[in-house]
Peer 1: 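This is the structure I have questions about; it appears just below.
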Amino acid sequence: MLTCVILIGAPGAGKGTQALTMAQTANLVHVASGDMFREAMGKRTLRGLQAKVYVDRGELVPDNVTVAMVLDRLSQKDAEQGVVLDGFPRTVAQAEALDRVLDAEGTKVDLALNLSVPGDELLRRLSGRWLCRQCQASYHEVFNPSAQPGKCDRCGGDLYQRDDDRVETARHRLEVYFEQTTPVIEYYRRRGVLDEVDGSKDISEVGAAIRQVVKRRVVSI
Ligand code: ADP
Ligand code: ADP
Ligand code: ZN
């Protein structure tokens, strides 16, 4: 794999929004574990059924299920050009599993970018989030509305709100993030690939800050 960039951040930090732009501008494949689970649940595959109980409760899907799904995706041909990982790894065990595979290929994570955003802002973002059913682009009814209400600007698909963005589940997801995913930040810091961007600025400012970091840290882009 030519390039491996990871976006870390709490639910609502802007990972999906920024990953989509990054994938386009840097010609990377966008791999979003949450999108993959929602697709599998929609199609009622075995993996989707396994994931659903956890996703509905705002908990993490077990590592073995998640790692198998993402590593499968990374072994596909198109991932060779490089990937931006959005929402994976979310536990240290997942990060270790990813490192083992990259190691075996003779590559490594180029950059783990932590998007930091305060908790009250995260809840405002999640409660107003609308997603495209077709292309998974994410909008916000106040901060980033689509041109035509209920329709995606990119593909014309219908927009919907996620059940797990309702405030009780969203709060629980934030707790899960602080307990299980913040150790992943330390993991990458110790490996010397961590960088941070203030994710509380507006979408274009955050995007510009990310581009700066990527230019500085990722040689292959
Ligand atoms: P994540 O993938 O990290 O959960 P999203 O990219 O889906 O986050 O963004 C969450 C919500 O916040 C969406 O409604 C999105 O439109 C909005 N959003 C994303 N980035 C920003 C930003 N910098 N400022 C304000 N709203 C944002
Ligand atoms: P957000 O964009 O709000 O950060 P995602 O769409 O990435 O959320 O994830 C939605 C749900 O899918 C999570 O709450 C969790 O149940 C499951 N999920 C996604 N990625 C992972 C992962 N790496 N490990 C375990 N569960 C995951
Ligand atoms: Zn769309």
Side-chain angles (χ1 to χ4, degrees), residues 6-22 30-41 47-48 50-71 84-95 97-98 113-118 121-146 150-165 169-170 172-177 180-181 184 197-210:
I6 295 172
L7 285 184
I8 308 175
K15 302 182 294 300
T17 303
Q18 298 298 341
L20 206 63
T21 323
M22 265 179 88
H30 178 198
V31 175
S33 44
D35 289 351
M36 294 170 78
F37 280 132
R38 280 185 290 280
E39 193 191 340
M41 293 189 303
R47 196 172 269 153
Q50 286 174 320
K52 187 170 167 37
V53 269
Y54 299 96
V55 174
D56 285 351
R57 286 194 216 127
E59 277 163 21
L60 295 186
V61 178
D63 285 335
N64 59 339
V65 178
T66 307
V67 165
M69 176 181 75
V70 175
L71 294 187
V84 48
L85 292 177
D86 158 9
F88 179 92
R90 268 179 153 101
T91 64
V92 170
Q94 292 177 14
L98 175 65
L113 196 81
N114 180 33
L115 278 178
S116 54
V117 176
E121 171 71 7
L122 292 169
L123 286 173
R124 274 196 292 278
R125 289 187 187 180
L126 294 174
S127 65
R129 168 157 69 182
W130 290 80
L131 280 186
C132 175
R133 265 193 209 288
Q134 282 187 55
C135 77
Q136 330 306 325
S138 135
Y139 297 87
H140 190 283
E141 53 197 31
V142 180
F143 307 137
N144 183 31
S146 59
K151 294 280 173 202
C152 177
D153 293 348
R154 299 173 72 239
C155 77
D158 288 333
L159 305 185
Y160 76 102
Q161 288 193 291
R162 279 166 50 179
D163 286 343
D164 63 340
D165 277 347
T169 316
H172 184 57
R173 283 161 55 215
L174 294 182
E175 286 166 12
V176 168
Y177 172 79
Q180 301 189 54
T181 306
V184 174
V197 161
D198 177 359
S200 66
K201 305 278 173 50
D202 69 37
I203 293 175
S204 58
E205 280 179 84
V206 176
I210 290 178

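Every number for a ligand or one of its atoms is a count from 1 in the order of the listing.
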Peer 1: Does an N or O from Phe143, backbone or side chain, lie closer than 3.5 Å to an N or O of ligand 1?
Peer 2: no
Peer 1: What atoms of ligand 1 come closer than 4.0 angstrom to any heavy atom of Lys201?
Peer 2: 22 (C), 23 (N), 24 (N)
Peer 1: When you measure from atom 23 (N) of ligand 2 to each heavy atom in Ala170, Pro89, Gly16, Gly87, which option holds the nearest one?
Peer 2: Gly87
Peer 1: Would you please say whether a donor-acceptor pair under 3.5 Å links the side chains of Thr91 and Asp63?
Peer 2: yes
Peer 1: Has Arg57 got any heavy atom lying under 4.0 angstrom from an atom of ligand 2?
Peer 2: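 In this structure, Arg57 fails to qualify as a contact of ligand 2 - no heavy atom is under 4.0 Å.
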Peer 1: Go through ligand 2 atom by atom and flag the ones less than 4.0 Å from a non-hydrogen atom of Gln94.
Peer 2: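 That gives atoms 22 (C), 23 (N), 24 (N), 25 (C) of ligand 2.
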Peer 1: For ligand 1, which is the ligand I care about here, please tell me if Val206 has any N or O atom under 3.5 Å from one of the ligand's N or O atoms.
Peer 2: no
Peer 1: Counting heavy atoms only, which of Arg173, Arg125, Arg129 comes nearest to atom 5 (P) of ligand 1?
Peer 2: Arg129
Peer 1: Among side-chain atoms of Ser200 and Asp198, is any donor-acceptor pair under 3.5 angstrom?
Peer 2: yes
Peer 1: Taking a cutoff of less than 4.0 Å between a non-hydrogen atom of the residue and any ligand atom, is Gly34 in contact with ligand 1?
Peer 2: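 It does not, in that no heavy atom of Gly34 comes within the 4.0 Å cut-off of ligand 1.
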Peer 1: Do Trp130 and ligand 1 have an N or O pair less than 3.5 Å apart?
Peer 2: no
Peer 1: Closer than 4.0 angstrom: is that true for some heavy atom of Met36 and an atom of ligand 2?
Peer 2: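 The answer is no, since Met36 has no heavy atom less than 4.0 Å from ligand 2.
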